[in-house]
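Notes follow the structure.
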Amino acid sequence: MKSVEGWADEIVVVDGNSTDKTVEIAKKFTDKIFSHKNELMFHKNKNLAIEKCTSDWIFFLDADEVVTDELKKEITDIINNAANSFDGYDMPRSNYFLGRFLKKGGQYPDTRVRLFKKGKGVWPCKSVHEQINMNGEVGHLKNNLLHYSYESLGEYWKKANIYTLLTAENIKKERSGVFVKFLKYVFYLPIYTFFNIFVRHKGYVDSWQGLLFAKFSALHFPIAYIKSLR
């Protein structure tokens, strides 16, 4: 929130019934704080945040993301440009994993739409890692959004628990037979995911963090499959 303080016309926060100091901290920056139940499909809260915004342009941030000074300047230059013809902009996102910003493994540039005109963007609320759906033309920014996604193993597995639960719900809805699901989620997808991240997209360049990220990403599927059996 410090990275948007002072140059954003308003800061809107939607809190998913947190039990830590989130609301207390947020009150230091804004009085536009809305509490809502933390549903398994957490993107619903993101759409609520969009609804509560009143400005012409919306810049969306998750709680673990930070705007660099370079990105801030690029954004302010864009929205103050009367000749701007785009309805939204995507930008590269740099992902932090256990002490390193990942450069390979398909984790960079991890382009995301985060800046858009009000009424032009919405979260579909269908999958875990979905992006904002845009109704209009999208331009491109060059400076990075910093994503401090996993600063510790505990943080990783806490988030992974939610993501695997969502995937488990989708597995339950699949019409494939039991044996087909077993092969897909216990063998095919884990093997494919590991080699796709670590070999094809050169995750090995990111040292042991790249290896762990590939391994953990592969484990997502068998874990979700086991949860789908409950």
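These figures come from a predicted structure and were not determined experimentally. Quick note: residue numbers are just sequence positions, from 1. Computation of the quantities below employed the complete heavy-atom set of this structure, encompassing side-chain atoms and omitting hydrogens, waters and symmetry-equivalent molecules.
There is no side-chain donor-acceptor pair under 3.5 Å between Y150 and N95.
Across G16 and N45, no two heavy atoms sit closer than the pair CA-ND2, 3.7 Å. Closest heavy-atom contact between A224 and T164: CB-O, 3.6 Å. Residues F86 and G139 come closest through the heavy atom pair CD2-N, 3.4 Å. Residues S35 and N17 share a closest heavy-atom pair of CB-OD1, 4.3 Å. Looking at every heavy atom in both residues, T111 comes nearest to Q131 through O-NE2, 3.1 Å. Here the shortest heavy-atom pairing between I11 and K32 reads O-CB, 3.6 Å.
Remark: E169 pairs with K172 by the salt bridge (Lys or Arg N to Asp or Glu O under 4.0 Å) rule, at least two apart or across chains. The side chain to side chain contact (heavy atoms under 4.5 Å, CB included) search around Y188 returns Y192, not counting sequence neighbours.
Side-chain contact between V138 and V113 is present, with at least one heavy-atom pair separated by less than 4.5 Å. Counting only heavy atoms from C-beta outward, the side chains of N196 and V199 never approach each other to under 4.5 Å.
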Would you check, one step at a time, whether the test side-chain contact (heavy atoms from CB on, under 4.5 Å) holds for D77 with K73? CA-CA 6 Å; D77 287 346; K73 184 179 185 306; 2.9 Å; yes
Derivation and outcome, side-chain hydrogen bond (donor to acceptor under 3.5 Å, both in side chains), residues H36 and D15: CA-CA 6 Å; H36 193 266; D15 175 69; over 6 Å; no
List the steps, then state whether side-chain contact (heavy atoms from CB on, under 4.5 Å) holds for L141 with I75. CA-CA 8 Å; L141 303 183; I75 290 172; 3.9 Å; yes
Passes side-chain contact (heavy atoms from CB on, under 4.5 Å), K2 versus F29? Steps please. CA-CA 8 Å; K2 287 181 179 178; F29 298 89; 3.6 Å; yes
What verdict does the side-chain hydrogen bond (donor to acceptor under 3.5 Å, both in side chains) test give for N170 and T167, after you've listed the backbone C-alpha separation in whole Å, the side-chain angles of each residue and the deciding distance to 0.1 Å? CA-CA 5 Å; N170 290 331; T167 301; 5.4 Å; no
Begin from the C-alpha positions of L102 and Q209 and carry the test side-chain contact (heavy atoms from CB on, under 4.5 Å) through to its verdict. CA-CA 8 Å; L102 301 178; Q209 288 98 333; 4.3 Å; yes
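Annotation: the span from F116 atom CZ to N135 atom CG amounts to 12.0 Å, rounded to 0.5 Å. S94 OG to H147 NE2: the interatomic distance, rounded to the nearest 0.5 Å, is 10.5 Å. Atom OH of Y163 sits about 11.5 Å away from atom OG of S217, to the nearest 0.5 Å. Of the inter-residue distances, the one linking N144 atom CG with L146 atom CG reads 6.5 Å to the nearest 0.5 angstrom. Distance check, rounded to the nearest 0.5 Å: CG of L48 to CH2 of W123 gives 14.0 Å. Going from atom CZ of F97 over to atom OG of S152 covers 10.0 Å, rounded to the nearest 0.5 Å.
Between F216 and Y156, the ring-plane angle classifies as tilted under the 30° and 60° cut-offs. Taking the six-membered ring where tryptophan is involved, the planes of Y148 and Y96 are tilted, since the angle between them lies from 30° to 60°.
With hydrophobic clusters built from ILVMFWY side chains whose heavy atoms lie under 4.5 angstrom apart, F213 shares a cluster with L98. Cluster membership for W7 and I78, using ILVMFWY side-chain heavy atoms within less than 4.5 angstrom, is shared. Under a hydrophobic clustering in which Ile, Leu, Val, Met, Phe, Trp and Tyr are joined whenever their side-chain heavy atoms come within less than 4.5 Å, directly or via other members, Y89 and V122 fall into different clusters. A chain of hydrophobic side-chain contacts below 4.5 Å, direct or via other Ile, Leu, Val, Met, Phe, Trp or Tyr residues, connects I223 to L153. Under a hydrophobic clustering in which Ile, Leu, Val, Met, Phe, Trp and Tyr are joined whenever their side-chain heavy atoms come within less than 4.5 Å, directly or via other members, V4 and V13 fall into the same cluster.
In summary, the aromatic rings of F182 and F187 are positioned with their centroids under 6.0 Å apart.
Within 6.0 Å of NZ in K27 there are 12 or fewer heavy atoms belonging to other residues, nucleotides or ligands. When the shell of 6.0 Å around NZ of K117 is examined, it contains more than 12 heavy atoms from other residues, nucleotides or ligands. The 12-atom threshold is not exceeded at CZ of F195, counting heavy atoms of other residues, nucleotides or ligands nearer than 6.0 Å. Counted within 6.0 Å of NZ on K118, heavy atoms from surrounding residues, nucleotides or ligands total more than 12; the atom is thus considered enclosed.
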Between side-chain atoms of residues 52-62 and protein atoms elsewhere (two or more places apart, or another chain), which donor-acceptor pairs fall under 3.5 Å?
residue, atom, partner, partner atom, Å
T54, OG1, E10, OE1, 2.9
T54, OG1, E10, OE2, 3.2
D62, OD1, K46, NZ, 3.4

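Evaluation of the salt bridge (charged side-chain N to carboxylate O under 4.0 Å, His left out) test over residues 91-112, restricted to residues two or more places apart or in two chains, returns E65-R93, R93-D110, D110-R112. Judged as a salt bridge (charged side-chain N to carboxylate O under 4.0 Å, His left out), not a single pair has a partner in residues 213-230 (not counting sequence neighbours). Within the structure, salt bridge (charged side-chain N to carboxylate O under 4.0 Å, His left out) contacts touching residues 179-193 (residues at least two apart or in different chains) are E174-K184.
Among L219, L189, L211, the one residue that satisfies the side-chain contact (heavy atoms from CB on, under 4.5 Å) test with F194 is L211.
A donor-acceptor pair under 3.5 Å is absent between the side-chain atoms of S228 and the main chain of A168, judged by distance alone. One N or O on the side chain of E155 and one on the backbone of E151 form a donor-acceptor pair closer than 3.5 Å. Judged purely by atom type and a 3.5 angstrom limit, E74 uses its side chain to pair as donor or acceptor with the backbone of N143.
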